[in-house]
Number of protein chains: 2
Amino acid sequence: MTPLAFALLGLIRDEPRSGYALRKVFETTPMGNYSSSPGSIYPALKNLQTAGLIASQSAGPRKSVFAITPGGLEAFVTWLAQPVTAKEDPNIALLRFAFLQDDRRQSLDFLLSFARCAHGKIVALKGFLGSEPGRSMPLQAQLAVQHGLRTTEAAAEWAADAYRQLKEETKP
Amino acid sequence: MTPLAFALLGLIRDEPRSGYALRKVFETTPMGNYSSSPGSIYPALKNLQTAGLIASQSAGPRKSVFAITPGGLEAFVTWLAQPVTAKEDPNIALLRFAFLQDDRRQSLDFLLSFARCAHGKIVALKGFLGSEPGRSMPLQAQLAVQHGLRTTEAAAEWAADAYRQLKEETKP
DNA sequence: CCAACCATGTAAGCTGTTACATGATTGA
DNA sequence: TCAATCATGTAACAGCTTACATGGTTGG
């Protein structure tokens, strides 16, 4: 199961969709980091179908709409519950977060773990910049590391803000 | 030529290195987003060698060190001069920037383009959040887009700061 | 009527991942 | 001496990209 497969599964969980509709999502929304080319979407959908995670209902002459199956839903919620780790691409973790809708507890836990990973990365980058190999790099290389530092700091701040926002959500 | 191939080429340009030394760079520095597994490094090095962009000098019994060739240097500087575009993965653009050492003019141009792309992305994300599809998303999905917004804003600020820093560099 | 878009698929090729495999050297 | 690290490679497999291919529908 690739990230693309889970992205498709999540979109189909939200509502049944055709392959073309899924491609449009990747073309017109910030989920655009994912493929959208027919050569990636249709084979991925076929895999999901073969694995029994989605089922196609034909809707019209040459159209078919996919819906998630009970097994697919189970696989999806298991994936959603996956812990955030430092090794994982943050964008994939974020993909999980975007699909976490009902469970507020899980969302809050996610944000805490996400922030912890971000802080770990910040420490590592600062450590590298202060160390001998870091100090002796050309300025541009140091600035590139600074970029990673700044964006990771922004990610940590985002997590903290999102945590507050989610916590307050239903209070007043 | 994949990003990995250019990363290898750049590291070898800076100083001749063995395959193992290159792997260590990916394992121990913030360049860790790239492979480091033997199954990716050694085939990539072989490709570069076949293309005549690097040449191996045997150094010891079962060691070999790679150095960049004139053709390799030409290919590399051509790649370095590639303009920053919105479609490109910013991390790949950043990889180019990290290897831009001598040319201060090119570095400043890069940062301007980079900032322009970031601002474009910011506008797009804000537009999406304000639009109907954006407003009707679940809160977590909106927050995920906010993450992209915050980190992109941080990237834009970084570019502006780096520009100033590079400009001042040799002034006082 | 023609262009643009809807809608789905296949095939070649390249890359990277994982796992396996080998053997030398160094330090405890 | 034994483990860790140095050092290099191969092979199977899965995935994505690009390009090709087809045909229906809608709007100007």
Side-chain angles (χ1 to χ4, degrees), chain A residues 1-9 11-12 15-28 31-51 53-67 79 85 87-89 91-92 95, chain B residues 1-9 11-12 15-29 31-51 53-67 75 79 85 87-89 91-92 95:
Chain A
M1 293 285 292
T2 68
L4 172 62
F6 283 114
L8 292 169
L9 200 50
L11 289 169
I12 290 169
E15 58 176 316
R17 291 178 208 248
S18 67
Y20 188 78
L22 291 162
R23 290 181 58 201
K24 285 291 133 186
V25 172
F26 295 134
E27 270 169 18
T28 62
M31 288 185 79
N33 32 334
Y34 292 98
S35 63
S36 101
S37 69
S40 66
I41 300 292
Y42 292 108
L45 286 171
K46 193 174 270 182
N47 288 344
L48 285 169
Q49 201 176 356
T50 305
L53 306 182
I54 61 175
S56 80
Q57 308 144 353
S58 86
R62 41 196 322 104
K63 290 190 214 182
S64 64
V65 179
F66 295 96
W79 176 68
T85 67
K87 326 188 47 163
E88 181 186 38
D89 180 351
N91 289 317
I92 297 175
L95 180 67
Chain B
M1 292 286 293
T2 68
L4 172 61
F6 283 115
L8 292 170
L9 201 50
L11 289 170
I12 290 169
E15 58 175 317
R17 291 179 210 246
S18 67
Y20 188 78
L22 291 162
R23 289 182 59 202
K24 284 292 133 185
V25 171
F26 295 134
E27 270 170 17
T28 62
T29 73
M31 290 185 79
N33 32 335
Y34 292 98
S35 63
S36 100
S37 69
S40 66
I41 300 291
Y42 293 109
L45 287 171
K46 194 174 269 181
N47 288 344
L48 285 168
Q49 200 177 355
T50 304
L53 306 182
I54 59 175
S56 79
Q57 308 144 353
S58 86
R62 39 199 319 106
K63 290 190 214 180
S64 64
V65 179
F66 295 96
W79 176 69
T85 68
K87 326 188 49 162
E88 180 186 39
D89 180 352
N91 289 317
I92 297 176
L95 180 67

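All chains are named by letter (A, B, ...) in the order of the sequence lines, taking the proteins before the strands, and each is independently numbered beginning at 1. The analysis underlying the following values was restricted to heavy atoms, covering all of them including side chains, and did not include hydrogens, waters or symmetry mates.
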- Where is the tightest heavy-atom contact between Ile12(A) and Leu45(A), given as atom of each residue plus distance? CD1-CD2, 4.0 Å

- To the nearest angstrom, how far is Arg17(B) atom CZ from dT8(D) atom P? 13 Å

- Task: Could you tell me how the ring of Tyr34(A) sits relative to the ring of Phe26(A): parallel (under 30°), tilted (30 to 60°) or perpendicular (over 60°)?
- Result: tilted

- Taking all atoms of both residues into account, what is the closest heavy-atom pair of Ala7(A) and Met31(A), and its distance? CB-CE, 4.1 Å

Restricting both atoms to N or O, compile the protein contacts to nucleotides 10-17 of chain D shorter than 3.5 Å, with distance only.
residue	atom	partner	partner atom	Å
dT10(D)	OP1	Lys46(B)	NZ	3.3
dT10(D)	OP2	Lys46(B)	NZ	3.3

- Item | Residue Lys24(B), side-chain heavy atoms: nucleotide from dT8(D), dA7(C), dC6(D) that is nearest | dC6(D)

- Query: To the nearest Å, how far apart are Arg23(B) CZ and dT17(C) P?
  - Reply: 12 Å

- Message: Test of understanding: with side-chain hydrogen bond (donor to acceptor under 3.5 Å, both in side chains), list the residues that count as partners of Ser35(B), not counting sequence neighbours.
- Response: Ser40(B)

- Could you pull out all residues at least two apart from Thr85(B) that satisfy side-chain contact (heavy atoms from CB on, under 4.5 Å)? Lys87(B), Glu88(B)

- In whole angstroms, how far is the P atom of dG16(C) from the CZ atom of Phe26(B)? 10 Å

- Message: Tell me the interatomic distance from Asp89(A), atom CG, to dG16(C), atom P, rounded to whole angstroms.
- Response: 16 Å

- Item | Between dT8(D) (P) and Leu8(B) (CG): distance, integer Å | 13 Å

- d(CD, Glu27(B); P, dA4(D)) in whole Å: 16 Å

- Message: Are Phe66(A) and Arg17(A) packed together at the side-chain level, in the sense that at least one heavy-atom pair is separated by less than 4.5 angstrom?
- Response: no

- Task: Rounded off to whole Å, could you give me the CD-to-P distance for the Gln57(B) and dA7(D) pair?
- Result: 16 Å

- OP1 or OP2 of dT8(C) less than 4.0 angstrom from a side-chain nitrogen or oxygen of Tyr20(A), does that happen here? no

